[in-house]
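Written below as structure tokens is the structure these notes are about.
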Protein chains: 2
Amino acid sequence: MTESLQVASGEAGIFEQFPGGVFPAACSSRVLLDHVMSKWGVLVLVSLTDGPQRWSELRRRAQGVSEKMLAQTLRTLEADGLVDRDQKPVMPPRVDYSLTPLGEELAEVMVPLLRWVGRNAEAVIGPSDPAGSSRSS
Amino acid sequence: MTESLQVASGEAGIFEQFPGGVFPAACSSRVLLDHVMSKWGVLVLVSLTDGPQRWSELRRRAQGVSEKMLAQTLRTLEADGLVDRDQKPVMPPRVDYSLTPLGEELAEVMVPLLRWVGRNAEAVIGPSDPAGSSRSS
DNA sequence: CAGAATCCCATACGATACTG
DNA sequence: CAGTATCGTATGGGATTCTG
């Protein structure tokens, strides 16, 4: 039971990498983890899996994202070298976002996770009960 | 380029599952995604990969987590059927947390992502510059 | 169309104190 | 030890307005 996961992941456990804890607090891993696992970061990255997309396209596909958060997310991912921004000097302006090679690499390990969530969400959470299991405080 | 990811993930693209967008807003997938990708949810799940652990152990390993957030995270993950809570009726109290079979399944797709982040964090973020790439607003 | 800037609120989160 | 309860702050994040 305990070691099955480490075998399944193909190599030794993740804790050989970080013996003291999961990830040391306040290290670069935590920062990147927060960027990448952020609510909108995940959706943007996975959306771009489908190929280069424009701003308005991303807004539609990552349903519910505000302009502010989309801009902030894209700037963060771009600064991290995961997303490429291609602005065409035309009028009206046209900007295409796409995954960098590094971003594609990340997406390769992200997509299986998303697919798992998609498969198991209804069984775990329920058909349509967003309030049911998010009772905080 | 565009389709390489879908090939790499072993099956068709994730968008056959959700043609309209990444995930429809306000559906169960989003809820589970938020639970699972939450800052502490990730660390707790991955920490439990190493086997059953006690409350105080989890607090130490998920460095920086507050008691409040650890409790909240564990309750959410338990309600989702990802984490099992085993309270022994002894004094002083002893509680062991472990992954359920479903949780182990999730961890199997989560660990590769964490390993990728661990490998690439320094190259992407920098050795120790948490402020450098998180300039928001 | 593709954003930037501003305002403002909800809540995520941490610190502290208390309990079984 | 393993939590709960309460409080205060920081920040995430939406709505709106403005610009090239």
Side-chain angles (χ1 to χ4, degrees), chain A residues 25-26 30-31 33-44 47-48 52-79 83-98 130-131 133-137, chain B residues 22-23 25-26 30-31 33-44 47-48 52-79 83-98 130-131 133-137:
Chain A
R30 286 283 186 93
V31 177
L33 193 64
D34 284 347
H35 292 180
V36 147
M37 306 290 264
S38 72
K39 183 181 182 65
W40 303 115
V42 174
L43 295 180
V44 164
S47 182
L48 288 175
Q53 282 153 53
R54 306 177 60 176
W55 166 275
S56 50
E57 231 173 324
L58 283 170
R59 271 214 76 189
R60 251 178 294 116
R61 296 174 60 126
Q63 283 177 30
V65 70
S66 66
E67 298 187 343
K68 177 181 174 180
M69 291 319 295
L70 182 56
Q72 185 178 305
T73 300
L74 284 170
R75 269 185 283 115
T76 299
L77 295 179
E78 192 193 354
V83 163
D84 185 49
R85 179 196 149 105
D86 178 25
Q87 174 164 16
K88 270 106 178 178
V90 298
M91 245 327 250
R94 162 169 188 136
V95 182
D96 286 274
Y97 294 92
S98 58
S133 54
S134 62
R135 63 278 182 272
S136 313
S137 167
Chain B
V22 184
F23 280 145
R30 287 283 186 91
V31 177
L33 194 63
D34 284 347
H35 292 181
V36 148
M37 306 291 263
S38 72
K39 183 181 182 65
W40 303 116
V42 174
L43 295 180
V44 164
S47 181
L48 287 176
Q53 283 153 50
R54 307 177 60 176
W55 165 275
S56 49
E57 231 174 324
L58 283 170
R59 271 214 76 187
R60 250 179 295 117
R61 297 174 61 126
Q63 283 175 29
V65 70
S66 66
E67 298 187 343
K68 177 179 176 180
M69 291 318 296
L70 181 56
Q72 186 177 306
T73 300
L74 284 170
R75 270 186 282 115
T76 298
L77 295 178
E78 193 193 352
V83 163
D84 185 49
R85 179 197 149 104
D86 179 24
Q87 174 165 16
K88 269 108 178 176
V90 298
M91 242 336 244
R94 164 168 188 136
V95 181
D96 286 275
Y97 293 93
S98 58
S133 56
S134 63
R135 64 277 183 273
S136 312
S137 161

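Keep in mind it's a predicted model, so treat the numbers as computed, not measured. When reading the values below, keep in mind they use all heavy atoms of this one structure, side chains included, and skip hydrogens, waters and symmetry mates.
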Which pair of non-hydrogen atoms, one from [X] and one from [Y], has the smallest distance, and what is that distance?
X       : Y       : result
A:His35 : A:Ser38 : O-OG, 3.0 Å
A:Asp96 : A:Arg94 : OD2-NE, 3.0 Å
A:Arg61 : A:Ser47 : NE-OG, 3.0 Å

Nearest-neighbour nucleotide for the A:Val95 side chain, C:dC1, C:dG3, D:dT4 considered:
C:dG3
I want to check something: taking the side chain as every heavy atom from C-beta on, are B:Met37 and A:Val36 in contact at a cut-off of under 4.5 Å?
no
State, yes or no, whether a side-chain contact exists between A:Gln63 and B:Arg30 at a heavy-atom distance under 4.5 Å.
yes
I need the [atom1]-[atom2] distance between [X] and [N], as an integer number of Å.
X       : N      : atom1 : atom2 : answer
B:Met37 : C:dA12 : CE    : P     : 17 Å
A:Gln72 : D:dA15 : CD    : P     : 16 Å
B:Arg30 : D:dG13 : CZ    : C1'   : 14 Å
B:Gln87 : D:dT4  : CD    : C1'   : 13 Å
B:Arg75 : C:dC13 : CZ    : P     : 13 Å
B:Asp96 : D:dA2  : CG    : C1'   : 12 Å
B:Leu70 : D:dG3  : CG    : P     : 8 Å
A:Leu74 : C:dA4  : CG    : P     : 10 Å

Note the angle between the end axes of the helix from C:dC1-D:dG20 to C:dG20-D:dC1, five pairs defining each, rounded to 10 degrees.
50°
Using OP1 and OP2 only, check whether a side-chain N or O of [X] sits under 4.0 Å from [N].
X       : N      : answer
A:Arg94 : D:dG20 : no
B:Tyr97 : D:dG3  : yes
B:Arg54 : D:dA2  : yes

Identify whether any heavy atom of B:Arg59 sits under 4.0 Å from a base atom; if not, whether one sits that close to sugar-phosphate; answer base, sugar-phosphate or nothing.
nothing
Distance, nearest 0.5 Å, that separates CH2 of A:Trp55 from CD of A:Gln87
12.0 Å
If you measure from CG on A:Leu74 to CG on A:Leu58, what distance do you get to the nearest 0.5 Å?
6.0 Å
Backbone N or O of A:Leu70 within a donor-acceptor pair of the A:Arg59 side chain at under 3.5 Å?
no
Out of B:Asp84, B:Val44, B:Leu48, B:Asp86, which residue meets the side chain to side chain contact (heavy atoms under 4.5 Å, CB included) rule with B:Tyr97?
B:Leu48
Walk along nucleotides 14-20 of chain C from 5' to 3' and tag each nucleotide B, S or - by protein heavy-atom contact under 4.0 Å, base first, then sugar-phosphate.
B--B--B
